[in-house]
Structure formats: C-alpha cells, structure tokens
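Here is the structure we will look at.
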Amino acid sequence: MNGMTDHAAAYAEVAAALADYFDGLHFSDTERLRKIFHPEAIYACATEGKLLHLTMAEYFPIVDKRPSPASRSEPRVDRIVSIEFAGPVTAFAKLNCAIGPKHFTDFLTLVKLDGRWQIMAKVFHFDLQSN
C-alpha cells in the first residue's frame, strides 16, 4: 500500500468511528458513545466564561438523562469539517453538530488503541441559534 492509500484508509476508519459519536449524541445513547470515547477521556468547554471539565463518569449520566434530539424530531446537522493525522495512531477531528438551539464546534483528539479509534479529549464551543 502506498501513503495515499494508507491515509485514505485511516481517514475512513476515523470517519466510521465518528458515526458512533454522532449517533450517540443524536439518540442520547451512551452505549454508542462508550464505543468511541476512551474511558479516561475528558470533556471540556469554556463558552460560558468558566471551565466546564467532566470525566466520562460525569458526562454519560447527563446524556442518559436528557431527551434525545431524535425524540424531539430535530434534524441532524452533523458534519466532519476535517480530520488530520499526527501519525498512524493519533488524529484530530473538527466537527459540527447541534442539539436543540446549541450549535457545536467540537475539537476531538483521537488515538488508535486496541485496534480502534477512541476519543481522548473533546473540547468544544457552542453558539445559540434561534429558529
């Protein structure tokens, strides 16, 4: 395989893994999210002027309790903006998605461990959109 083929395959692997991320958010499905988030991953945001920093043990119960965008018939606006690689087992993804009036830009760092891509950190910003 040449470098371009390797890169295309790695991009496809990350994009496929991110489908679990998007589905997990849209359906508020922490089983799907557990497939993509490493158990030691962090979740961070400073949009509201103070640091929000959660572990997965803190984040997943929040997802479990909220009504899913799917249950509210919200349209999906998931989008992979870019995926970059620092090497064969380290990637950075920039994504857009929405939950209710919050439109997110997510920066995800991923590592490939145990044969699968996993999110190690989610750092994000959101804007409130009115309909």
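These figures come from a predicted structure and were not determined experimentally.
Listed by chain and residue number, F92, M120, A121 satisfy the side chain to side chain contact (heavy atoms under 4.5 Å, CB included) test with T109 (two or more places apart in sequence, or in another chain). In this view, E74 and R72 satisfy the salt bridge (Lys or Arg N to Asp or Glu O under 4.0 Å) rule, not counting sequence neighbours. Scanning for side-chain hydrogen bond (donor to acceptor under 3.5 Å, both in side chains) contacts around D106 gives Y21, with sequence neighbours left out. Applying the side chain to side chain contact (heavy atoms under 4.5 Å, CB included) criterion to R34, with sequence neighbours excluded, gives T30, E31, F60. Contacts of V77 classified as side chain to side chain contact (heavy atoms under 4.5 Å, CB included), with partners at least two apart in sequence or in another chain: A98. Here T90 pairs with nothing under the side-chain hydrogen bond (donor to acceptor under 3.5 Å, both in side chains) rule; sequence neighbours left out. By the side-chain hydrogen bond (donor to acceptor under 3.5 Å, both in side chains) test, R76 is found to be paired with D23, D78, residues two or more places apart in sequence or in another chain being considered. Among residues two or more places apart in sequence or in another chain, the side-chain hydrogen bond (donor to acceptor under 3.5 Å, both in side chains) test is passed with K35 by none.
Note on residues 110-120: pairs passing side chain to side chain donor-acceptor pair (under 3.5 Å), not counting sequence neighbours, are E13-K112, E13-W117.
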Give the table of side-chain donor-acceptor pairs shorter than 3.5 Å for residues 37-53, with sequence neighbours excluded, one pair per line with atom names and distance.
residue: H38; atom: ND1; partner: E40; partner atom: N; Å: 2.9
residue: T47; atom: OG1; partner: H125; partner atom: ND1; Å: 3.1
residue: T47; atom: OG1; partner: F126; partner atom: N; Å: 3.3

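In this structure, S28 and P69 approach most closely via the heavy-atom pair OG-CD, 4.0 Å. The shortest non-hydrogen separation linking L25 to L33 is N-CD2, 4.0 Å.
Two different hydrophobic clusters hold F85 and V111 under the rule that ILVMFWY side chains link at heavy-atom gaps under 4.5 Å. Residues F107 and I36 do not share a hydrophobic cluster, defined by chaining ILVMFWY side chains whose heavy atoms lie under 4.5 Å apart. Residues L110 and V123 fall into different hydrophobic clusters, defined by Ile, Leu, Val, Met, Phe, Trp and Tyr side chains chained together at heavy-atom separations under 4.5 Å. With hydrophobic clusters built from ILVMFWY side chains whose heavy atoms lie under 4.5 angstrom apart, I119 shares a cluster with Y11. No continuous path of hydrophobic side-chain contacts links F27 to F104 [ILVMFWY only; heavy atoms under 4.5 Å].
Atom CG in N96 sits 4.5 Å away from atom OG1 in T105 (nearest 0.5 Å). Interatomic distance, OG of S68 versus NE2 of H26, reported as 6.5 Å (0.5 Å rounding).
Looking at heavy atoms from C-beta onward, L108 lies in side-chain contact with L95 at the 4.5 angstrom threshold. L18 is listed as a side-chain neighbour of I80, based on a closest heavy-atom distance under 4.5 Å. With contacts defined as side-chain heavy-atom distances shorter than 4.5 Å, the pair K94/I83 does not qualify.
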